[in-house]
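Index from 1, following the sequence. Because only heavy atoms are used, hydrogens play no part in the values below, and waters and symmetry mates are left out as well, while side chains stay in.
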Amino acid sequence: VLTMFLGILMGLPVVLLPIHILLINLVTDGLPAIALGLEPPDPGVMQRPPRKSSDGVFSGGLLSTILFRGCLIGLTTLAVFLQFFKTAGLDAARSGALFTLVFTQLIHVFECKNEEKSLFYINPFNNLRLLLAVLLSAGIVLTILFFPPAQLLFRTVALTPSQLLTATAYLMAAPTLSAILSHFFREK
């Protein structure tokens, strides 16, 4: 939402097409979310006191964490779109934004494994279903970006190695910053 809204406010062309948004919802909210629901319980979860009945679902800073991570993902996606729009045109910008948004959300799913530990302190390999879901989702997006018939359907273009490296640098910065800041604020 933030990516699209800020893009409109800045007078940019539509950042993502409706078919891109549908695809993003399918590959980032479908299989990874189901697999995340099958996450094994954390050791010691039964030793923690229960949440107070007066606490809401988003208590304990969860709402601010969700908003912060969402803003990082949205701003990262918009930054890639802007850079590619200036240097490579609209189709490459949309393809870069699609790549960035999906992959930042696929990394974010690992941040969701534990509310109390940052990305640096979780075991990413204890849920094989989640790994497979993320790999399948990533494969679908890469197919849409690099398989010519899918490119026609989804109006994407293949990103160059340089563009992939740039987008990857951006998308790795968002969860890294999120993990560092969440670790810092938890320690305080």
Closest heavy-atom pair and its distance - F125, N123: N-OD1, 2.9 Å
F84 side chain near S95 side chain, heavy-atom distance below 4.5 Å: no
Linked, directly or transitively: L90 and I21 (ILVMFWY side chains, under 4.5 Å): yes
Passing candidate, side-chain contact (heavy atoms from CB on, under 4.5 Å) with T100, options V80, L78, I73, T166: V80
Where M4 and V14 come nearest, the two heavy atoms and their spacing: CE-CG1, 3.6 Å
Transitive ILVMFWY side-chain link M10 to V1, under 4.5 Å: no
Same cluster (ILVMFWY, side-chain, under 4.5 Å), I19 and L142: yes
Under 3.5 Å donor-acceptor, T3 side chain and G74 backbone: yes
Spacing of CG belonging to L36 relative to CG belonging to N127, to within rounding of 0.5 Å: 7.5 Å
Verdict with reasoning, D91 to T156, per side chain to side chain contact (heavy atoms under 4.5 Å, CB included): CA-CA 6 Å; D91 290 337; T156 60; over 6 Å; no
Qualifying residue for side-chain contact (heavy atoms from CB on, under 4.5 Å) with L159, from T168, L165, L164: L164
Heavy-atom pair with the smallest gap, counting every atom of A88 and Q163: CB-NE2, 3.2 Å
Contact check, side chains of L23 and L98, non-hydrogen atoms, under 4.5 Å: yes
L136 side chain reached by I140 side chain, heavy atoms, under 4.5 Å: yes
Min side-chain heavy-atom separation F81-L101 under 4.5 Å: no
The single option from N126, L130, L132 passing side-chain contact (heavy atoms from CB on, under 4.5 Å) against L128: L132
Verdict with reasoning, T104 to Y170, per side chain to side chain contact (heavy atoms under 4.5 Å, CB included): CA-CA 9 Å; T104 52; Y170 273 101; over 6 Å; no
Heavy-atom closest pair, residues V141 and V27: CG2-CG2, 3.9 Å
Hydrophobic cluster membership, L82 vs L75, 4.5 Å side-chain cutoff: yes
Check: H20 side chain, R94 main-chain N or O, donor-acceptor pair, under 3.5 Å: no
Residues, nucleotides or ligands: over 12 heavy atoms within 6.0 Å of F146 CZ: yes
Distance-minimising heavy-atom pair for V15 and A97: CG1-CB, 4.0 Å
T28 (side chain) donor-acceptor with V102 (main chain) under 3.5 angstrom: no
E111 and H108 side chains, donor-acceptor separation under 3.5 Å: yes
Connected via hydrophobic side-chain network under 4.5 Å: F154 and L22: no
Spacing of CG belonging to L6 relative to CG belonging to L2, to within rounding of 0.5 Å: 4.0 Å
Plane angle bin for F99 and F103 - parallel if under 30°, tilted between 30 and 60°, otherwise perpendicular: tilted
Nearest atoms (heavy-atom pairs only) where Q151 meets I144: CG-O, 3.6 Å
